[in-house]
Amino acid sequence: MDKKVKVRFAPSPTGDLHVGNIRTALFDWAYARHTGGTFLFRIEDTDTTRVTDEYIQAAIDTLKWLGLNWDEGPEVGGDNGPYLQSQRLDIYAEWAQKFLDQKDAYHCYCTPAELEATREAQRAANVAPGYDGKCRNLTAEQISAYKAEGREAVVRMRMPDGSTTFIDEIRGEVSFDHKFVPDFVLVRADGSPLYTLAVAVDDVLMKVTHVLRGEDLLSSTPRQIRVYQAMGVKSEDYPVFAHLPFVMGQDNAKLSKRNGEVSIAWYREQGYLPEAICNYLALLGWSPGDDRENITMKELCELFTVEKVHSSPARFDMKKLEAINGDKIRALTLDEFLKWSLPFLTKAGIITGTDSEIALVKAALPIIQERIVKINEVPQMLKFLFVKDFAVEADSVSKITDDVSKDVLKRSLKELEPLTTWNHDSIEAALRACLIDEMGLKPRIAFGAVRIATTGSTISPPLFESMELLGKEASLARIAAALTL
RNA sequence: GGCCCCGUCGUCUAGCGGCCUAGGACUCUGGCUUCUCAAGCCAGCUACGAGGGUUCGAAUCCCUUCGGGGCUACCA
């Protein structure tokens with residue numbers, strides 16, 4: 001098979017895209033990039049009761065934010081559009097009519113209530129549930145009788161006897177006996193198409209060569225193949241199927257709001273980097289085969305193959321995502337780190353965005369880069385440099401009101417005041433000389449008091465660097481103020 | 001219930017008949033380093049679901065069983 005690979009990601013945006021969807025999108029994208037093929041993005045919005053324009057737009061934005069760029073699809077266009085199924089209704093109607101003409105499909109006049117009743121009976125009788133084929137061979141009289149009753153018909157695909165066998169690239173040969181694949185509906189009574197029709201028609205028309213999707217769709221594959229057959233597609237032209245394992249929640253339940261946040265928008269707000277999310281998600285159900293874990297998007301494209309994809313489901317682990325996010329943050333250049341941090345700082349009201357503020361942020365970023373795991377920790381870390389009405393944290397006040405602390409602060413003030421050069425080296429030299437050498441205090445005791453006085457907290461970035469950034473005037477003022485507590 | 005998929009440390013995984021007294025990563029625990037917090041380094045804990053085969057030899061192959069999941073819609 002030497003035709004060019006075309007992979008598609010075709011979500012049905014009935015809500016915000018979640019980590020499971022994104023993992024699928026990531027694998028689709030990585031496979032397309034790995035093979036030098038095309039990545040097609042299609043919106044499956046045939047279920048108009050559940051899909052909204054907002055969710056569609058959110059899906060587009062999420063993919064863009066993650067850097068999963070597509071070659072064909074919404075906004076970028078392509079030769080096989082439109083890429084919203086709601087804009088392709090006439091195409092599906094045409095094919096449905098063709099199937100009807102070919103007798104591959106037929107009108108079914110059964111009402112939902114009747115179908116429900118037969119299902120109930122089947123279940124009670126302990127036989128495989130499914131459409132019983134009642135309307136398969138209706139006579140003209142029966143049809144007009146139903147119509148006279150005012151019944152609306154759906155279009156149902158005729159599933160011939162036999163079985164469907166296909167090779168799943170991840171699971172191997174999979175076979176379904178048609179006894180368990182009942183005739184299925186292609187078109188609703190209102191004339192709108194169903195997934196089973198639209199997905200197959202589009203994959204053929206859009207010349208998709210590889211279908212990498214969630215394993216929940218595994219058992220719908222025989223139906224999809226049935227549509228290919230009715231369309232006259234030769235079996236050698238069927239796309240290759242690969243059903244990806246699920247991404248599960250902390251317990252073994254499916255991912256949901258209940259266990260861990262699932263919406264990508266949430267991760268974005270929390271300060272996770274797209275590259276970290278993709279890196280972590282790539283490790284869920286796939287591995288490069290060696291011990292490498294921290295990989296770039298570029299490396300993922302180079303390394304990704306379907307053969308290395310697992311067949312078993314993976315549990316989502318927030319802790320590991322955080323660890324990877326921390327690694328990615330540490331790997332950021334200063335300018336990148338600044339770019340990611342600024343929005344969080346302004347949103348938190350720490351800075352307004354003036355040049356001098358940004359310059360100070362940029363100077364301070366290096367000392368916190370290895371201390372945070374998520375970008376949303378930046379405001380809290382740098383807050384002490386910008387607050388107008390500085391105050392020591394309530395919990396820490398009592399730690400600097402004892403005699404030893406008072407001495408430390410008094411002495412520090414005295415030693416620091418005459419300093420003409422204000423940088424972390426001069427500050428450290430001065431403080432060490434008086435507090436450690438002369439007073440004989442333990443560094444953690446002595447510097448701890450100064451830390452609380454100047455940064456307001458027992459936890460802060462490195463003390464001397466922090467004081468350098470704070471400036472001499474503010475540092476001394478804070479120490480003096482602490483003495484009055 | 002039926003059909004289908006899946007089953008290695010707590011979690012993600014390496015492993016594709018001998019290199020496995022099962023390796024790596026995250027988490028956790030202890031230690032080193034240290035101005036706090038981190039980062040870094042070192043050490044430790046913990047796994048082939050169970051039972052049968054096949055084989056000189058099985059985490060790797062086969063069967064059964066148990067467990068988990070998906071589907072069973074005029075959802076996708």
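Computed over heavy atoms, backbone and side chain alike; hydrogens, waters and symmetry mates excluded.
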Roughly how far apart, to the nearest Å, are [N] and [M] at atom [atom1]?
N	M	atom1	result
B:A58	B:G52	C1'	14 Å
B:C48	B:G15	C1'	10 Å
B:A50	B:A59	P	11 Å
B:U72	B:G10	P	34 Å
B:G7	B:C12	C1'	15 Å
B:U8	B:G40	C1'	30 Å
B:G18	B:U33	C1'	44 Å
B:A14	B:G24	P	15 Å

Residue met sooner reading RNA chain B from 5', once A:Arg171 and A:Thr111 are mapped to nucleotides: A:Arg171
Mapping A:Val174 and A:Cys108 to their closest nucleotides on RNA chain B, which lands nearer the 5' end? A:Val174
Distance, rounded to the nearest Å, where [X] contributes [atom1] and [N] contributes [atom2]:
X	N	atom1	atom2	answer
A:Phe316	B:C12	CZ	C1'	12 Å
A:Arg330	B:C37	CZ	P	16 Å
A:Asp291	B:C26	CG	P	12 Å
A:Asp327	B:A25	CG	P	12 Å
A:Met159	B:U72	CE	P	14 Å
A:Arg315	B:U27	CZ	P	19 Å
A:Phe246	B:C4	CZ	C1'	12 Å
A:Phe184	B:A76	CZ	C1'	14 Å

Scan [X] against the nucleic acid and name what it touches under 4.0 Å (heavy atoms): base, sugar-phosphate only, or nothing.
X	value
A:His310	sugar-phosphate
A:Ile368	nothing
A:Gly326	nothing
A:Pro182	nothing
A:Gly214	nothing
A:Ser460	base
A:Arg213	nothing
A:Thr196	nothing
A:Ala189	base
A:Val185	sugar-phosphate
A:Phe176	sugar-phosphate
A:Pro245	nothing
A:Ser457	nothing
A:Leu194	sugar-phosphate

Can you tell me how far apart [atom1] ([X]) and [atom2] ([Y]) are? Round to the nearest 0.5 Å.
X	Y	atom1	atom2	value
A:Thr24	A:His18	OG1	NE2	8.0 Å
A:Gln270	A:Ile375	CD	CD1	12.0 Å
A:Lys134	A:Asp183	NZ	CG	14.0 Å
A:Leu284	A:Ile22	CG	CD1	13.0 Å
A:Tyr146	A:Cys135	OH	SG	5.0 Å

What I want to check is whether an N or O donor and acceptor connect the side chain of A:Arg451 with the base of B:C35 at under 3.5 Å. yes
With a 3.5 Å cut-off and just heavy-atom distances, do the side chain of A:Glu293 and the base of B:G24 make a donor-acceptor pair? yes
Regarding A:Asp190 and A:Arg188, does a basic nitrogen lie under 4.0 Å from an acidic carboxylate oxygen? no
Run the salt-bridge test on A:Glu116 and A:Arg119 with the 4.0 Å N-O cut-off and return the result as yes or no. yes
Check whether any side-chain N or O of [X] sits under 4.0 Å from OP1 or OP2 of [N], and answer yes or no.
X	N	result
A:Ser287	B:A14	yes
A:Lys442	B:U34	no
A:Arg50	B:A76	no
A:Thr46	B:A76	yes

Base paired to [N] (Watson-Crick or G-U; both N/O distances under 3.5 angstrom):
N	answer
B:G7	B:C66
B:G44	B:C28
B:U33	none
B:A58	none

Of the listed nucleotides ([options]), which one gets closest to any side-chain atom of [X]?
X	options	result
A:Arg444	B:C3, B:C4, B:C35	B:C35
A:Pro443	B:C35, B:C74, B:A76	B:C35
A:Leu283	B:C12, B:C75, B:C6	B:C12
A:Ser312	B:C12, B:G7, B:A76	B:G7
A:Lys308	B:C35, B:C3, B:G15	B:G15
A:Arg371	B:U36, B:A76, B:C26	B:U36
A:Arg123	B:C71, B:C74, B:U72	B:U72

Given the rule in the side chain to side chain donor-acceptor pair (under 3.5 Å) test, do A:Arg213 and A:His243 qualify, once you have shown the distances and angles that lead to the verdict? CA-CA 5 Å; A:Arg213 68 210 318 187; A:His243 289 89; 3.1 Å; yes
Side chain to side chain donor-acceptor pair (under 3.5 Å) between A:Tyr92 and A:Asp202, worked out: CA-CA 9 Å; A:Tyr92 309 130; A:Asp202 283 350; 2.5 Å; yes
Which of A:His178, A:Arg223, A:Arg226, A:Gln224 passes side-chain hydrogen bond (donor to acceptor under 3.5 Å, both in side chains) with A:Thr164? Answer is A:His178
